[in-house]
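Reminder, nothing fancy here: chain letters follow the sequence lines and each chain counts from 1. Only this structure's heavy atoms are used, side chains among them; waters, hydrogens and symmetry mates stay out. Owing to the predicted nature of the structure, the values given are computational and were not obtained by experimental measurement.
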Protein chains: 2
Amino acid sequence: MEERRVGSLRFRIDFSQPIYEQIVQQFQSSVVKGEIERGAKIPSVRELAQALHVTPNTVMHAYQEMERSGLTETRRGQGTFITSSQEQIEQLRSKLAAVAVREFLQKMNDLGYSGQEIFRLIQDEERDESL
Amino acid sequence: MEERRVGSLRFRIDFSQPIYEQIVQQFQSSVVKGEIERGAKIPSVRELAQALHVTPNTVMHAYQEMERSGLTETRRGQGTFITSSQEQIEQLRSKLAAVAVREFLQKMNDLGYSGQEIFRLIQDEERDESL
DNA sequence: CAAGTGTATCACATGTTATGATACACCCAT
DNA sequence: ATGGGTGTATCATAACATGTGATACACTTG
């Protein structure tokens with residue numbers, strides 16, 4: 001609902017999903033789209049927690065997931081940094097996309113939609129978005 | 001994991017999602033694909049609960065969601081029936097598909113994928129599936 | 001050493017999911 | 001009318017996920 005800023009980053013947090021998931025997704029998106037540079041330092045746990053009006057524990061949860069997935073590297077005492085490996089980032093992007101595609105097609109298949117129909121629905125939706 | 005049968009119906013329940021959600025989805029899929037006829041009576045709460053090795057409350061939860069969405073009509077003392085309205089079914093199918101498409105495109109957009117790339121990924125995935 | 005990092009661990013609260021049990025309300029065939 | 005099969009409501013209980021708030025510890029840098 002509301003947009004919070006911290007440094008050059010912008011965050012929107014709502015109640016539709018766990019907060020730590022939203023934090024992860026927004027970092028993923030920012031990195032993958034090149035809005036955050038490789039190797040860049042991201043806000044400290046405490047700093048981001050304060051900016052988002054959230055407990056450090058919640059941010060910590062997000063940061064640990066990000067490290068597990070290879071999106072970030074954390075250095076105790078120094079901070080948390082976006083991975084400097086372009087390959088890591090591309091792999092993560094591909095993997096997330098592959099999962100999304102697979103789940104989507106599974107869902108559409110359960111609803112009995114064929115490839116043709118799926119393409120048509122996507123085109124219709126994209127047409128709507130571009131208004 | 002395991003497949004459970006009750007009458008002519010088949011159910012697979014795993015631990016990836018809430019049980020009641022899986023029940024709803026599998027009825028949705030069966031109805032939308034015509035594997036269950038319109039107006040057909042589905043198993044009683046107690047019967048399905050026993051077949052799935054689950055509490056009646058859990059099945060009840062699923063059945064109430066199914067009625068809320070218009071998929072079924074429940075008649076106290078008689079049982080639960082798939083809606084006899086073809087229009088209802090088609091509306092539900094369209095609505096579920098529209099939601100799936102919208103969420104998918106949102107996710108892909110967050111990952112920075114364009115329409116062209118999305119189509120290509122879908123085609124690749126469908127090619128794999130048809131092996 | 002001090003300040004700023006990440007990390008770990010409590011206690012606590014809330015909401016969701018699920019179990020298990022009991023009771024009630026309703027419909028239909030006998 | 002009664003009995004058996006329906007859906008429905010409610011309660012207690014438990015496990016888990018999510019989030020808050022607080023405290024303490026470990027590490028790095030200046």
Side-chain angles (χ1 to χ4, degrees), chain A residues 1-2 4 6-7 9 11-27 36 39-84, chain B residues 1-2 4 6-7 9 11-27 36 39-84:
Chain A
M1 310 301 186
E2 199 171 344
R4 307 232 171 253
V6 42
L9 302 174
F11 289 86
R12 337 185 59 86
I13 303 294
D14 57 41
F15 301 93
S16 65
Q17 283 177 89
I19 297 172
Y20 73 91
E21 285 282 2
Q22 296 182 54
I23 294 173
V24 170
Q25 285 161 14
Q26 290 181 38
F27 272 111
I36 307 182
K41 183 175 187 302
I42 63 176
S44 77
V45 169
R46 291 170 180 81
E47 186 185 357
L48 185 54
Q50 193 169 11
L52 301 185
H53 300 161
V54 145
T55 290
N57 282 6
T58 299
V59 176
M60 193 60 216
H61 193 167
Y63 278 20
Q64 284 177 339
E65 278 214 359
M66 283 159 56
E67 191 182 25
R68 268 200 314 105
S69 73
L71 179 66
T72 58
E73 293 164 3
T74 59
R75 300 177 211 147
R76 207 188 182 97
Q78 295 182 58
T80 304
F81 302 81
I82 303 300
T83 179
S84 52
Chain B
M1 317 286 197
E2 199 171 342
R4 307 232 172 253
V6 42
L9 303 174
F11 289 87
R12 333 186 62 86
I13 303 294
D14 58 40
F15 302 93
S16 65
Q17 284 177 88
I19 297 172
Y20 75 91
E21 285 282 3
Q22 297 182 55
I23 295 173
V24 170
Q25 284 162 13
Q26 290 180 37
F27 272 111
I36 307 182
K41 183 175 188 301
I42 64 175
S44 76
V45 169
R46 290 171 179 81
E47 187 186 356
L48 185 55
Q50 194 169 9
L52 300 185
H53 301 160
V54 146
T55 290
N57 283 7
T58 300
V59 176
M60 192 61 215
H61 193 166
Y63 279 20
Q64 284 177 337
E65 278 214 358
M66 282 159 56
E67 193 183 23
R68 269 200 313 104
S69 74
L71 179 64
T72 58
E73 293 164 3
T74 60
R75 299 175 212 148
R76 206 188 181 98
Q78 296 181 59
T80 304
F81 302 80
I82 302 301
T83 180
S84 53

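Comparing D:dC27, D:dT10, C:dT17 by their nearest atom to the side chain of B:Asn57 picks out D:dT10. Distances from the side chain of A:Lys41 to the nucleotides C:dT17, C:dT5, D:dA22 place C:dT5 closest.
Remark: B:Gln64 is not in phosphate contact with D:dG7, judged by side-chain N or O atoms under 4.0 Å from OP1 or OP2. Residue A:Thr80 has no polar side-chain atom (N or O) positioned under 4.0 Å from OP1 or OP2 of C:dT5. Distances shown here put every side-chain N or O of A:Thr74 at or beyond 4.0 Å from the OP1 or OP2 atom of C:dT5. For A:Ser44 and C:dG4, the shortest distance from a side-chain N or O to OP1 or OP2 is not below 4.0 Å. When the side-chain nitrogen and oxygen atoms of A:Gln78 are compared with OP1 and OP2 of D:dC27, none of them lie within a distance under 4.0 Å. The shortest distance between the side-chain N/O atoms of B:Gln17 and the OP1/OP2 oxygens of C:dT17 is not below 4.0 Å.
Between B:Ile23 atom CD1 and B:Met66 atom CE the span is 8.5 Å, to the nearest 0.5 Å.
Both A:Arg75 and A:Thr58 sit near DNA chain D, but only A:Thr58 has its closest nucleotide nearer the 5' end.
Note: CD (B:Glu73) to C1' (D:dT6) measures 16 Å, nearest angstrom. Rounded to an integer number of Å, the gap from A:Glu67 CD to C:dT5 C1' is 14 Å. One interatomic measurement links the two molecules: CG of A:Asp14 to P of D:dG19, which rounds to 11 Å at whole-angstrom precision. In this structure, the OH atom of B:Tyr63 is 10 Å from the P atom of D:dT6, given to the nearest Å. When the C1' atom of D:dG19 is taken as reference, atom CZ of A:Phe15 falls 12 Å away, rounded to whole Å. Rounded to whole angstrom, the span from the CZ atom of A:Arg76 across to the P atom of C:dT7 amounts to 7 Å. The interatomic distance linking B:Met60 (CE) with C:dC26 (C1') rounds to 13 Å, in whole Å. Separating the CG atom of B:Leu48 from the C1' atom of D:dG7 is a distance of 14 Å, rounded to the nearest angstrom.
Classification of the A:Tyr20-A:His61 ring pair by plane angle, with boundaries at 30° and 60°, yields parallel.
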>> For a side chain to side chain contact (heavy atoms under 4.5 Å, CB included) check, start with the C-alpha distance between B:Val45 and B:Asn57, then their side-chain angles and the critical distance, and finish with the verdict.
In response: CA-CA 8 Å; B:Val45 169; B:Asn57 283 7; over 6 Å; no

>> As a quick check of understanding, evaluate side chain to side chain contact (heavy atoms under 4.5 Å, CB included) for B:Ile19 and B:Leu52, giving each step before the final call.
In response: CA-CA 10 Å; B:Ile19 297 172; B:Leu52 300 185; 5.6 Å; no

> Does the side chain to side chain contact (heavy atoms under 4.5 Å, CB included) test come out yes or no for A:Ile42 and A:Phe27, once each step is laid out?
Replying inline: CA-CA 9 Å; A:Ile42 63 176; A:Phe27 272 111; 3.7 Å; yes

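More than 12 heavy atoms of other residues, nucleotides or ligands lie within 6.0 Å of CD in A:Glu21, so this atom counts as buried by the packing criterion.
Among the atoms of the strands shown, base atoms are found under 4.0 Å from some heavy atom of A:Thr55.
With B:Glu67 as reference, B:Thr74 is the one residue of B:Thr83, B:Thr80, B:Thr74, B:Thr72 to meet the side chain to side chain donor-acceptor pair (under 3.5 Å) rule.
Checked by distance alone, B:Arg46 brings no side-chain donor or acceptor within 3.5 Å of a matching partner on the base of D:dG5.
Residue B:Gln17 comes nearest to B:Gln22 through the heavy atom pair O-NE2, 2.8 Å, listed as atom of the first residue, atom of the second, then distance.
Residues from residues 18-27 of chain B lying near DNA chain C, meaning a heavy-atom separation below 4.0 Å, are B:Pro18, B:Ile19, B:Tyr20 in numerical order.
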